[in-house]
2 protein chains.
Amino acid sequence: MNKRSSRGSPASPPQARFPGQQACLPPGVVPEGPRRRILEAALQLFASQGFHGVSVRDLARELRLQPSALYAHFPSKEHVLAELTLVGHQAQHEALRAALLDAGADPVAQIQALVRQNATLHATYPQLAIVANEELHALKLELAAATLELRKQSAALLLEVILRGLALGRFSCQSPRVTAAAIAAMGLRIPYWYQPEGELTIDELASIHAELTLRMLGVC
Amino acid sequence: MNKRSSRGSPASPPQARFPGQQACLPPGVVPEGPRRRILEAALQLFASQGFHGVSVRDLARELRLQPSALYAHFPSKEHVLAELTLVGHQAQHEALRAALLDAGADPVAQIQALVRQNATLHATYPQLAIVANEELHALKLELAAATLELRKQSAALLLEVILRGLALGRFSCQSPRVTAAAIAAMGLRIPYWYQPEGELTIDELASIHAELTLRMLGVC
DNA sequence: GTCTATACTATGATAGAC
DNA sequence: GTCTATCATAGTATAGAC
């Protein structure tokens, strides 16, 4: 049976994973221009429907272009996703490193800075967080490699701060690795429930996540 | 350009999101038979490649059937996913309710039971957790409705235990809602990193998650 | 850089024999 | 319940005019 002509059913669309409208890329990471326009449209669509749920025709329609026009800017649909995942992980990694540098040498200040920055990013750029994290698996290894390397480094950053805090006797926990995973998980899920127009500001959210983190690490 | 005949590149496959092999459905939820065989094959493929990344032909090939044979058991590919997400959420909801009943009236025992059971499920049936949670958005609302209702109820279960613990003065936290989200997030991410053949047993994992949860709730 | 037109494949689903 | 064969459409990508 055809996709659109199914007898009586109204052919309702799939639920959007991320219903919000305009998708924003962090400033600076991609210069203004047609490439950026394409990336932002793709960001919104991939976040809503998933990479495989969006066709080149869908993306072109959103941009009011013919499908073929996209190929003047990207060699394939996969390259669009690859750039989005890379940009997302770059923005995160740079923000985390900067936050860490600002925090000084105290592990408590360091972990707070990391978690606050991470929560802020995920709440500010929810579509980018979703696409960079959940659609990465759709890429061939060669196109995902650079992103995977950055992800590894960001995870290492978090684990190192925890291990140092434990070594210095400031933290206590049963398993640094499981605790690190829990802290990261908390941030990763933000885009799925946080609503900027709700009661909670991003700053309050970041503070609560920092507090939860300190508790997980036994800083009482 | 064709998907498979790209000039010189070796047409490497996408990275699998969940590389592991056999996918298991919890016992009892689906009777043995061809339907169950199809669901288990689909579970593995959808977990690896995503719903839209798997064609009916892919699924049929895995089962050594012709594509048309699948339609004797399910009216569409979407119905296969719908059953998987429903089964996954049913298993979770029933397990959580049972754990809660076993735990008695103490909020501390209750939250430990919930978190332990949740971690155990996510570590035992990782593909089901991934598909039920990450692919639900690919379904039309009508096919997802029953699953969404169950998810809502499971989330409510967790929040109610937290609110009751707060009311009884056993817990303390800045935001019950954000804390509930953090606890749920910790469980949801398990399939992405936990490896049964590693050093950590599922029971140890469950214990660590229970301990992290108590800390987040200020039970010291 | 965008358009029109199109090549070629993959896709979800159905018909009808056995 | 599975097969072979097929339909109708959607998919990625390219060619060549402007």
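Residue numbering restarts at 1 for every chain, and letters A, B, ... go by the order of the sequence lines. Because only heavy atoms are used, hydrogens play no part in the values below, and waters and symmetry mates are left out as well, while side chains stay in.
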Please check if atom CZ in Arg177(B) has more than 12 non-hydrogen atoms from other residues, nucleotides or ligands closer than 6.0 Å. no
Using distance alone, with no hydrogens and no angle criterion, decide if Gln44(A) and Gln127(A) have a side-chain donor and acceptor under 3.5 Å apart. yes
What is the distance from NE2 of His52(B) to P of dT12(D), rounded to the nearest Å? 12 Å
Going by number, which of residues 67-82 of chain A have a non-hydrogen atom under 4.0 Å from DNA chain C? Ser68(A), Ala69(A), Ala72(A), His73(A)
Qualifying side-chain hydrogen bond (donor to acceptor under 3.5 Å, both in side chains) pairs with a residue from residues 72-87 of chain A, counting only residues at least two apart or across chains: Arg35(A)-Glu83(A), Ser76(A)-His79(A), Glu78(A)-Lys140(A), Thr85(A)-Thr147(A)
For the CZ atom on Arg164(A), are there more than 12 heavy atoms of other groups (residues, nucleotides or ligands in this structure) within a distance under 6.0 Å? yes
OP1 or OP2 of dT2(D) less than 4.0 angstrom from a side-chain nitrogen or oxygen of Gln66(B), does that happen here? no
Separation of atom CZ in Phe51(A) from atom P in dG11(D), rounded to whole Å: 13 Å
When rounded to whole Å, the CZ to C1' distance for the pair Arg57(B) and dT14(C) reads 12 Å
Do we see a donor-acceptor contact under 3.5 Å between the side chains of Glu134(B) and Tyr192(B)? yes
Can you tell me how far P of dT4(C) sits from CZ of Arg64(A), to the nearest Å? 15 Å
Length of the CZ-P vector between Arg37(B) and dG1(D), whole Å: 12 Å
Taking Leu25(A)'s backbone N and O only, do any of them form a donor-acceptor pair with Glu40(A)'s side chain (distance below 3.5 Å, no angle check)? yes
Atom CZ of Arg35(A) and atom C1' of dG1(C) are separated, to the nearest Å, by 14 Å
Considering heavy-atom distances to DNA chain D, does Pro34(B) or Val54(A) have its closest nucleotide positioned more toward the 5' end? Pro34(B)
So that I can compare with my own list, what are the stems of DNA chain C, taken as at least three consecutive Watson-Crick or G-U pairs with distances under 3.5 Å? C:1-18 with D:1-18
With the side chain counted from C-beta on, respond yes when Val87(B) and Leu39(B) share a heavy-atom pair under 4.5 Å apart, and no when they do not. no
Whole-Å distance, Leu139(B) CG to dG12(C) P, equals 14 Å
Minimal non-hydrogen separation, Leu86(B) against Leu150(B), with atom names: CD1-CD1, 3.8 Å
How are the rings of Trp193(A) and His209(A) set relative to one another: parallel (under 30°), tilted (30 to 60°) or perpendicular (over 60°)? tilted
Quick one: Leu45(A) CG to dG11(D) C1', roughly how many Å, whole number? 16 Å
